[in-house]
Amino acid sequence: MTRASQSIHEASIALLDWLDREVTAAGRGDDLKFSREDPSRRFWLGRLAPEETVQVTGMGARGERLDPCAVGLRLVPESSLPWTLRATVSMVAWIKNEDDQADEDQQWVKLPTVIRDIDCQLDMGQHEAPFGQKVLAEALAEIGATGLSAEVRLEMDVHAGQTELVVTLVNTSPDVQQSDLDCTHLFETTLEVRRIATRPFVLERLPDGYRYDRSVPALGINAGVRAFDGLLATTDTVPVDKGRPDYWNSDAPRPDLEFKTLADDPLPQLELLMDALTAWNDQHWGDELQARAAAEYWDGATRDQAAKDRADVLAEQARLRSGLDLLAAPDNHLLLRAFKAMNASMSHATRGKYPGWRAFQVGFLLGSLRFLVEPEEETEVVDTVWFATGGGKTETYLGLVVMTAFYDRLTGKTTGVTAWSRFPLRMLSLQQTQRFADALAGAELEKRRQKIVGAPFSLGFFVGEGGTPNRLKLEPKENEPSVFDENMPGHYQVLLECPFCFSSEVEMGFDRATWRLVHQCKDADCPWPNSALPFYVVDEEVYRFLPTVVIGTLDKAASISMQAAMRGLVGPPLGLCAGEGHGYTYAPRYEKPKGCLVPGCTSSSRDLPQNKDRFAPRLRLQDELHLLRDSLGAVDAHYESVLDHLQGELSTTRAKVVASSATLQGYDRQVDVLYQRTGRVFPQPGPSASASFWTRQTPSLLRRYVAVAPRGLTLEFVNDRTVSVVQSSVRKLVDPETRQAVLDEAGIGPTHVNQLISLYGTTVVYGSTLYDVEASLRSLDSNVDVVPLRSAMLTGGTDFDEVREILHELENPQDDFNERIHVIAASSMLSHGVDIARLNVMVMLGLPLTTAEFIQTTARTGRTFPGLVYVLHKIARERDAGTFRQFSTFVSQGDRFVEPIPITRRSRRILGLTMPGIVEARRLHLLEPRAPGQRLTTIAKLREYLTMLGYQTSGEAAIIGDLLGFEDELDVLLEADLEQWLRTWDANLKDHAFTGKYPNELSPTGGVMISLRDVEESAPIHD
Ligand SMILES: [Zn+2]
Ligand SMILES: [Zn+2]
């Protein structure tokens, strides 16, 4: 390869290698001869504190990790004692410059490197012995560091029945307080071990362990391990490369899965796909597995697990096969038509970025087909897309949604919600929203082309907590959005581009006649004929127009207990307003006498335009299922039950739940708790962690993870320095004076310089808590000496407008590097749905709480080009220390480390929180609509009506207990709570002296939850 012909991918890797070298060198002090500061306050890698200093801190193992006095290796020798080996030690020392005239930058001087070979032998009966004290003390004295000392220690350790050898290099110098020297740390230390035969460590065996390579050559002690040519060496950081996945792993020719082909004549290609799948499974889950079981001496548990996994894979194959059979059946021509129309929409939806599907996406769609034609059984199963598989999750979702929308229209559902898609975070990513809008616009264009009847496909944006308005009032209060403020609409722009023509000439406006906050495309050539795009951002507009797809945050489910108009998301509205463009009507209220939500409307209500049964959504989608855990998961479990219950009462249908998740661990239990349905995951993992039929890892670099265990200095300091080094290094590439030197050093050709600067010029600092994010930004602003340094923050608390601007700027960087955003400090908000090819360098402040978050967050880098992620471990924490020790396994086998989701629906505390909402939802959506001509909006009216009905709390308790799935002896306490709750509620109702006015005040456990996040999130919930 000549540099001139280097591809951008190759150039990226060269840059990434160079950047990483620069950061590591800065951490160790390589390449320096002098220092302004005390080196023990400057370098965070390669240093060793004096053993005495570590002992006097009295912090034990934690103190030892914070500023270790030893580095080394843990080995399993092949033979028993005696053990002999050769250790090679390398280190430097720093002393104060004796030259009084020395420059400010030369206050400290580095002495020459000491390298010594030390032969060691541990004899029978010996447990521990030091070596090389004299040689190393003399070598240090020779270079001018008299008084410093070090030794190599060998120690035998029996661990879990295995005899192991620990070899360490220890700094035995005195504590600096007890010494004449100005610094008694050693620096740039490494230890190499050779001339001893060892066996690899085999990590803990789990039943599905047959999927993983569990052997590692040695374990590092305060260090990583490098093994080559019979030599084992410590490393300061632990770099782990992950290869880019390929989505075809079969010898059979790839079927043509282009959208165009599948829109035209899908069946032959789908047959080819099924053939390839069947052949692959036959081979890899058949004889090959048998052979492995024999060769690897699998135990009974492993064989059983493999047999079960194989059965799951074959069941999946059979399900896909039957999906294809359904598609091919003449009776199902509408299904085939919907499938084709969906494919015809997808090239618009993906803006031509991809010509077609990946095999696993088509596999998922095939597996989903049955629910459209035979929903009864299929709605009892939650299908989960397991996206550790790789990119394309959103498109897979969209394919399913669009196909379902077409099938709805073709089978007579001319209006109403097809899918309600929920995201677990406070704020929904605008990028994700745009992709949904693009997909529906593509579908609408295709629908028009095919002259399919029914309302235009449309999208509703339905988010909680300050995203977009709940309603626009005729007489707004001071802090409410005002229709009289002409700047108001601009604050709520969600789409940055027109989903029909992709023009960025999108303007916001308020249409008084239809009382709508509208996105308008101003492009003259736009194929969308109306001025307002079919995109709704105000909650009440979502109720009024019931868009084909509603996309929003999970917490909005809480509105089901507060809004009569939420009925449109679980069943039919009450009518359609005769007023032009007013939409559906709901329960009348004082301000909405006819049930129309347009302020002041007195028009009468007309009959619904289609069968009432067709209104309820067919699909409820849940993105990032693994985030529904602890209290949030427990609360949602109850609300999901309410949604199912209401839908069942208001129609004869049940929604299909489809989810995506980063984790496989315990998903079936999680799904059972949340939805009271059976879980099914797609795709089933393959027989090895790195390959299944659907995917395989290629050698092409996707992302390099570098584990850093900062020594002796704070995480903030190391973060500041890492960002400084990365930023100043990139600037050397920007500066024409220094550029050529960088290109030469890094081995990069000149062709791609500007692109590289763009791809690696923005550093993401990721903190898993808001506190970490804010602290890091403050620290960066005051401690990073690179100027200019523009930083921005992206967290759940960042204003809606601001998020939009930051993301837009990141995607469309300024021409002048100095004007760009250089640092993004982000929380988990970034991990979801943000897809920006320019974010390729990340610094993580400690391991996130869960492995799923780690996988997901780091996946923000390397979207298109190789990414570099520094994982700064909070090494005092046990969990971070444990992960650092097995970092390479942690990265390559992340799925194994994913913790099962803690979740239950059986929490008495949670029941107290959700009961007010459950009872209110039943009053709003079932009781009131069944009370002819009455509004049960006050306690007095409700009392009167229930007395007339002869209402009994026992009946209500049975219904609620049933909908929540309380059924066995475990639930006795919950059932008692439930009955007691209702009795108190009933007593309040009947008490004429009760001071409240509205029914929601009758609750004995406080008000209705405003958001599903009203609950203390960090508190874990257990059965
Ligand atoms: Zn347009
Ligand atoms: Zn009206």
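Just so you know, ligand 1 is whichever comes first in the structure, and atom 1 is the first atom listed for that ligand.
- Side-chain contact between R409 and T548: present, with at least one pair of heavy atoms (C-beta onward) separated by less than 4.5 Å.
- Using a cutoff of 4.0 Å between basic side-chain nitrogens and carboxylate oxygens, K522 and E505 are not scored as salt-bridged.
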Residue pair W357, Y247: steps toward the side-chain contact (heavy atoms from CB on, under 4.5 Å) verdict: CA-CA 10 Å; W357 297 106; Y247 298 97; over 6 Å; no

Given H519 and M508, is the side-chain contact (heavy atoms from CB on, under 4.5 Å) satisfied, shown in steps? CA-CA 5 Å; H519 282 65; M508 297 300 294; 3.5 Å; yes

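- Residues T415 and Y584 bring a donor and an acceptor atom of their side chains to less than 3.5 Å of each other.
- Relative ring orientation between W528 and F500 is described as parallel, the plane-to-plane angle staying below 30° on a 0-90° scale split at 30° and 60°.
- Below the 2.8 Å limit, the Zn ion (ligand 2) has as protein N, O or S neighbours C577 SG, H582 ND1, C596 SG, C601 SG.
- No close placement of the Y492 and F461 rings is indicated, their centers lying 6.0 Å or farther apart.
- Taking the six-membered ring for Trp, F502 and H348 have ring centres closer than 6.0 Å.
- Within a radius of less than 2.8 Å around the Zn ion (ligand 1), the protein N, O or S atoms are C498 SG, C501 SG, C521 SG, C526 SG.
- For F457 and F406, the ring centers sit closer than 6.0 Å to each other.
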